[in-house]
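I have placed the structure first, in the form of structure tokens, so that the comments after it can refer back to it.
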Amino acid sequence: HEIVRVVTEVGRKVQNFKVGDKFRVGCIVGSCRSCDSCAENLENYCPKMIFNNLSTYLDGTPAYGGYSDIMVIDQHYGIRIPENMSLDAIAPLLCAGITVYKYYGLDKPGPHIAVVGPGGLGHMAVKFAKAFGAKVTVISTSPNKKEEAIARLGANSFLVSRDTQQLQVRFISSFHIRHMAVKFAKAFGAKVTVVSTSPNKKEEAITHLGADSLLVSRDSQLLQAADGTMDVIINTVVVHALLLLINLQKTHGKLVMVTLTKRKIVARSVIGGIKET
């Protein structure tokens, strides 16, 4: 799904490419071009996004991605490669590269950046961060990755996530914090959904606190219906799986972990739009 090719033919209305140009195709070969995400050049969040493999084009043709001998794509989803750059060096940037690079502070010196998991994405994150002068710590479940992280990738330090002496986490949960979060949001005119593991909290949430709705986090159908609908999530407990909450966020939504000892904001990413890439 990270494809680099040379243009062999162009349509009569194509303006961005000519025969012989080097070009690249990332994960995306189609989108609706009309939703809010597409309008913001974030085709990667389009609900009708077409992947370049294991999917189907609008005309019903299967998309085989890099497994195909030839590809026909809309010029909007192709990206020109400078002539002086090698094709093999470019390919990993189209998925792993753009996924870890976007707006995470990897493009400037100074920050201390931790990279969890020195795999395909992790390798790219470490390389970007080090190239821009950041201090990098790699975190892994395996101590065997230390040499690779430091000697080969250039990380400054290495932590084993199963070592309780290296990693210490404290959580604070407060009944009063939960109530105040709802009351403040409602006072300022926000629409509020309370997320709980228990359906028994519905009366308290709606009648007593004034929330608009209750979402039971153990109800898979309700969670699916609420996917991508929340602008801000204020997490005041530790019983909910983090991925569950992240899935509820809108694009650019915020997940604030007020149960932690310091101010934390959690972001989520998946590849990149054409303009970003």
Side-chain angles (χ1 to χ4, degrees), residues 1-19 21-82 85 87 90-104 106-107 120-121 124-125 128 223-233 243 245-255 266-277:
H1 62 275
E2 299 166 313
I3 305 166
V4 288
R5 297 281 178 98
V6 175
V7 178
T8 59
E9 187 176 350
V10 297
R12 63 179 183 275
K13 294 183 179 180
V14 172
Q15 298 178 342
N16 298 341
F17 298 94
K18 65 182 186 299
V19 174
D21 283 346
K22 295 179 180 179
F23 79 104
R24 47 187 171 155
V25 182
C27 299
I28 308 168
V29 292
S31 60
C32 74
R33 308 286 286 275
S34 61
C35 68
D36 290 342
S37 293
C38 286
E40 295 181 36
N41 298 307
L42 296 173
E43 299 92 342
N44 49 314
Y45 299 125
C46 173
K48 296 182 179 180
M49 178 184 67
I50 301 174
F51 283 102
N52 69 21
N53 60 2
L54 302 178
S55 60
T56 305
Y57 291 105
L58 294 176
D59 63 358
T61 305
Y64 295 112
Y67 296 107
S68 59
D69 295 323
I70 60 173
M71 288 188 70
V72 179
I73 66 164
D74 186 313
Q75 64 176 335
H76 177 76
Y77 303 99
I79 302 167
R80 186 188 300 276
I81 298 175
M85 298 191 72
L87 298 183
I90 288 292
L93 302 179
L94 301 176
C95 181
I98 186 59
T99 299
V100 299
Y101 176 77
K102 304 184 306 177
Y103 61 83
Y104 293 127
L106 299 186
D107 58 346
L121 292 167
M124 296 303 301
F128 272 129
L223 289 176
Q224 186 174 4
D227 187 81
T229 62
M230 310 292 179
D231 294 291
V232 178
I233 299 173
L243 185 58
L245 298 176
I246 289 176
N247 285 338
L248 296 176
Q249 291 175 271
K250 287 183 178 180
T251 303
H252 302 307
K254 292 182 179 179
L255 171 56
V266 179
R268 164 187 173 181
S269 175
V270 54
I271 56 174
I274 300 301
K275 184 177 181 179
E276 292 175 319
T277 306

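The first residue in the sequence is number 1, and the count goes up from there. Quantities reported herein were computed from a predicted structural model and do not represent experimental measurements.
Counting only distance, with no hydrogens or angles, the side chain of Y57 and the backbone of G30 share no donor-acceptor pair below 3.5 Å.
Evaluation of the salt bridge (Lys or Arg N to Asp or Glu O under 4.0 Å) rule for K48 yields no partner, not counting sequence neighbours. Listed by chain and number, the residues in a side-chain contact (heavy atoms from CB on, under 4.5 Å) with I90 are V4, R24, I81, M85, L93 (sequence neighbours excluded). Taking K18 as the reference, D21 meet the salt bridge (Lys or Arg N to Asp or Glu O under 4.0 Å) condition, with sequence neighbours excluded. Partners of V14 according to the side-chain contact (heavy atoms from CB on, under 4.5 Å) rule, which considers only residues two or more places apart in sequence or in another chain, are V10, F17, Q75. By the side-chain contact (heavy atoms from CB on, under 4.5 Å) test, P47 pairs with C35, sequence neighbours left out. With sequence neighbours excluded, the residues forming a side chain to side chain donor-acceptor pair (under 3.5 Å) with T61 are D59, listed by chain and number.
Listed by first then second residue, pairs satisfying salt bridge (charged side-chain N to carboxylate O under 4.0 Å, His left out) with a partner in residues 26-38 read R33-D74, not counting sequence neighbours.
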Which atom pairs, donor and acceptor, lie under 3.5 Å between side-chain atoms of residues 63-73 and protein residues at least two apart or in another chain?
residue : atom : partner : partner atom : Å
S68     : OG   : G65     : O            : 2.7
S68     : OG   : I70     : O            : 3.1

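We find the SG-CD1 distance between C27 and I50 to be 13.5 Å, quoted to the nearest 0.5 Å.
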Problem set entry | side chain to side chain contact (heavy atoms under 4.5 Å, CB included) between L223 and N247, worked out | CA-CA 9 Å; L223 289 176; N247 285 338; over 6 Å; no
For this session: Using the side chain to side chain contact (heavy atoms under 4.5 Å, CB included) rule, take R5 and V25 through it: C-alpha gap first, then chi angles, then the decisive distance, then the call.
Result: CA-CA 8 Å; R5 297 281 178 98; V25 182; over 6 Å; no
